[in-house]
Amino acid sequence: WNARHPLTQNYEITIPKTAGSMETLQVVMVSDIHLGNIINNKRLTRLVNRINQLEPDIVLLAGDVIDNQVDVLIKENMTDNFARLKPKFGTYAILGNHEYFDQKVETAIESLEKGNVHVLRDQSTLIADTLYLVGRDDLSKKRYTGMDRQELGTIMKDIDRTAPIILLDHQPHNLQDGVDQGVDLQLSGHTHLGQLFPNSLITKKIYELDWGYLRKETMQVIVSCGFGTWGPPVRVGSHPEIVNITIHFEKPEKQ
């Protein structure tokens, strides 16, 4: 029952930078959906409906959109469901470790793009001409392809650091990296908060932040415990969640 009834986790933060004329940004972030035989298209329909009810300006999918086999997106026509998301500034996603499991990363990206989900793979994009969204490839890329993901500094080399910068990185592995590059907000998932207690005791030792909110020097971090489940469709000691974030920016000076 717990695993099938996600909560909406609300955060309200301030980024001390101006974002053009934009004073607030409503972000919905969902990580670790794990679409497959258990988290099926009916569950995705309910998720999309919940997100649309929140009326976000932008939707961010922080990796592990699929569970193990990318073909489920095609077989169940899940791309049409993703296309029902209508945020003002679009829907963006990054890869997680599970997108690499069946070695069909390009198929996963193509399927998501057909559903108007823009996949950032060691890339950045300018949103509304006012703020940057940076999406990192997953750490597991090295294990499955033999190639390293790009350094964050390389991805961000042409970014104006005076503008707000939001980073999507599936695994909250090295938070200092974002701090050093001037990231304002990092959004991650992956941990599931252990999914089954007492596994959360392990994730707390592995990660500087395995769930919730942290301010690390000038950077703020939010880690989600995820929407779906991996392996047994059971959660003990954590609730699946949809993360709803209200971001406030500094008001622009009056001319």
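His118 and Tyr92 have tilted rings, their planes meeting at an angle from 30° to 60° on a 0 to 90° scale.
In this structure, a donor-acceptor pair under 3.5 Å is present between the side chains of Glu12 and His248. Gln181 and Arg161 share a side-chain donor-acceptor pair at under 3.5 Å. If you check the side chains of Gln26 and Thr24, you find no donor sitting under 3.5 Å from an acceptor. For the 3.5 Å distance criterion, the side chains of Asn81 and Arg84 qualify, holding a donor opposite an acceptor. With hydrogens and angles left out, the side-chain atoms of Asp180 and Gln176 include a donor and acceptor closer than 3.5 Å. The closest side-chain donor-acceptor pair between Thr18 and Glu250, if any, does not fall under 3.5 angstrom.
Between Val221 and Leu185 there is no side-chain heavy-atom pair separated by less than 4.5 Å. By the 4.5 Å heavy-atom criterion applied to side chains, Val48 and Asn52 are counted as neighbours. With a 4.5 Å cut-off on side-chain heavy atoms, Thr8 and Glu241 do not count as touching. Taking the side chain as every heavy atom from C-beta outward, Thr145 and Tyr100 approach each other to under 4.5 Å. The closest side-chain heavy-atom distance from Ile94 to Val119 is not below 4.5 Å. Residues Val134 and Leu168 fail the side-chain proximity criterion, which asks for heavy atoms closer than 4.5 Å. Between Tyr11 and Val243 the shortest side-chain heavy-atom distance falls below 4.5 Å. The shortest side-chain heavy-atom distance between Asp67 and Phe101 does not fall under the 4.5 Å cut-off.
Closest approach of Ile38 to Arg43, counting heavy atoms only: O-NH1, 3.8 Å. Here the closest non-hydrogen pair linking Gln69 and Ile66 is C-CD1, 4.1 Å. When all heavy atoms of Pro6 and Phe227 are compared, the pair lying nearest together is CG-CE1, 3.5 Å. Taking every heavy atom of both residues into account, Pro164 and Thr130 meet most closely at CD-O, 3.5 Å.
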Q. When you look at Leu95 and Val105, which way does the side chain to side chain contact (heavy atoms under 4.5 Å, CB included) test go after all the steps?
A. CA-CA 8 Å; Leu95 301 177; Val105 174; 3.5 Å; yes
Q) Does the pair Ser31 and Leu61 meet the rule for a side chain to side chain contact (heavy atoms under 4.5 Å, CB included), with working shown? A) CA-CA 6 Å; Ser31 77; Leu61 307 178; over 6 Å; no
Q. Step by step, would you call Gln186 with Leu175 a side chain to side chain contact (heavy atoms under 4.5 Å, CB included)?
A. CA-CA 8 Å; Gln186 176 172 330; Leu175 302 184; 3.6 Å; yes
(Q) Under the criterion side chain to side chain contact (heavy atoms under 4.5 Å, CB included), I'd like the reasoning laid out for Val27 against Asp57: C-alpha separation, chi angles, the key distance, then a yes or no. (A) CA-CA 6 Å; Val27 177; Asp57 296 317; over 6 Å; no
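Within 6.0 Å of CD in Glu55 there are 12 or fewer heavy atoms belonging to other residues, nucleotides or ligands. No more than 12 heavy atoms of other residues, nucleotides or ligands shown are found within 6.0 angstrom of NE2 on His173. Around the CD atom of Glu151, the shell of radius 6.0 Å holds no more than 12 heavy atoms that belong to other residues, nucleotides or ligands. Counting heavy-atom neighbours within 6.0 Å of Lys114 NZ, excluding the residue itself, gives a total of 12 or less.
Ile166 and Tyr132 are assigned to two separate hydrophobic clusters, defined by single-linkage of ILVMFWY side chains at heavy-atom distances under 4.5 Å. Under the 4.5 Å side-chain heavy-atom criterion for Ile, Leu, Val, Met, Phe, Trp and Tyr, Tyr213 and Met29 are members of the same hydrophobic cluster. Residue Ile222 is not grouped with residue Val28 when hydrophobic side chains (ILVMFWY) are merged at heavy-atom distances under 4.5 angstrom, including chains of intermediate members. Clustering ILVMFWY residues whenever any of their side-chain heavy atoms sit less than 4.5 angstrom apart, transitively, puts Ile245 in a cluster other than the one holding Ile51. The cluster map of Ile, Leu, Val, Met, Phe, Trp and Tyr, joined by side-chain heavy atoms under 4.5 Å apart, puts Leu126 and Met156 in the same cluster.
Test Asp122, Thr154, Asp169 against Arg149 for side chain to side chain donor-acceptor pair (under 3.5 Å) and you get one pass: Asp169. Shown are Leu214, Leu209, Thr191; of these, the side-chain contact (heavy atoms from CB on, under 4.5 Å) with Pro172 is made only by Thr191. For the side-chain contact (heavy atoms from CB on, under 4.5 Å) with Glu99, the lone residue among Val70, Thr107, Val65, Ile109 that qualifies is Val65. Put simply, the residue from Asn97, Asp32, Asp64 that forms a side chain to side chain donor-acceptor pair (under 3.5 Å) with His190 is Asn97.
Taken to the nearest 0.5 Å, the CG atom of Leu187 stands 6.5 Å off from the CG atom of Leu60. We find the CG-CD1 distance between Leu167 and Ile165 to be 9.5 Å, quoted to the nearest 0.5 Å. Distance check: Lys17 NZ to Phe249 CZ gives 10.0 Å after rounding to the nearest 0.5 Å. Between Met78 atom CE and Asn41 atom CG the span is 4.5 Å, to the nearest 0.5 Å. With rounding to the nearest 0.5 Å, the separation of CG in Leu112 from OG1 in Thr91 is 10.5 Å.
Residues passing the salt bridge (charged side-chain N to carboxylate O under 4.0 Å, His left out) test with Asp148, sequence neighbours excluded: Lys142. In this view, Asn77 and Asp80 satisfy the side-chain hydrogen bond (donor to acceptor under 3.5 Å, both in side chains) rule, not counting sequence neighbours. In terms of the salt bridge (charged side-chain N to carboxylate O under 4.0 Å, His left out) criterion, residue partners of Arg121 (sequence neighbours excluded) are, by chain and number, Glu106, Asp137.
Using a cut-off of 4.0 Å between Lys/Arg side-chain N and Asp/Glu carboxylate O, Glu208 and Lys216 are scored as salt-bridged. For the pair Asp138 and Arg143, the salt-bridge criterion is not met [side-chain N within less than 4.0 Å of a carboxylate O].
At distances below 3.5 Å, at least one donor-acceptor pair connects side-chain atoms of His170 with backbone N or O atoms of Ala62.
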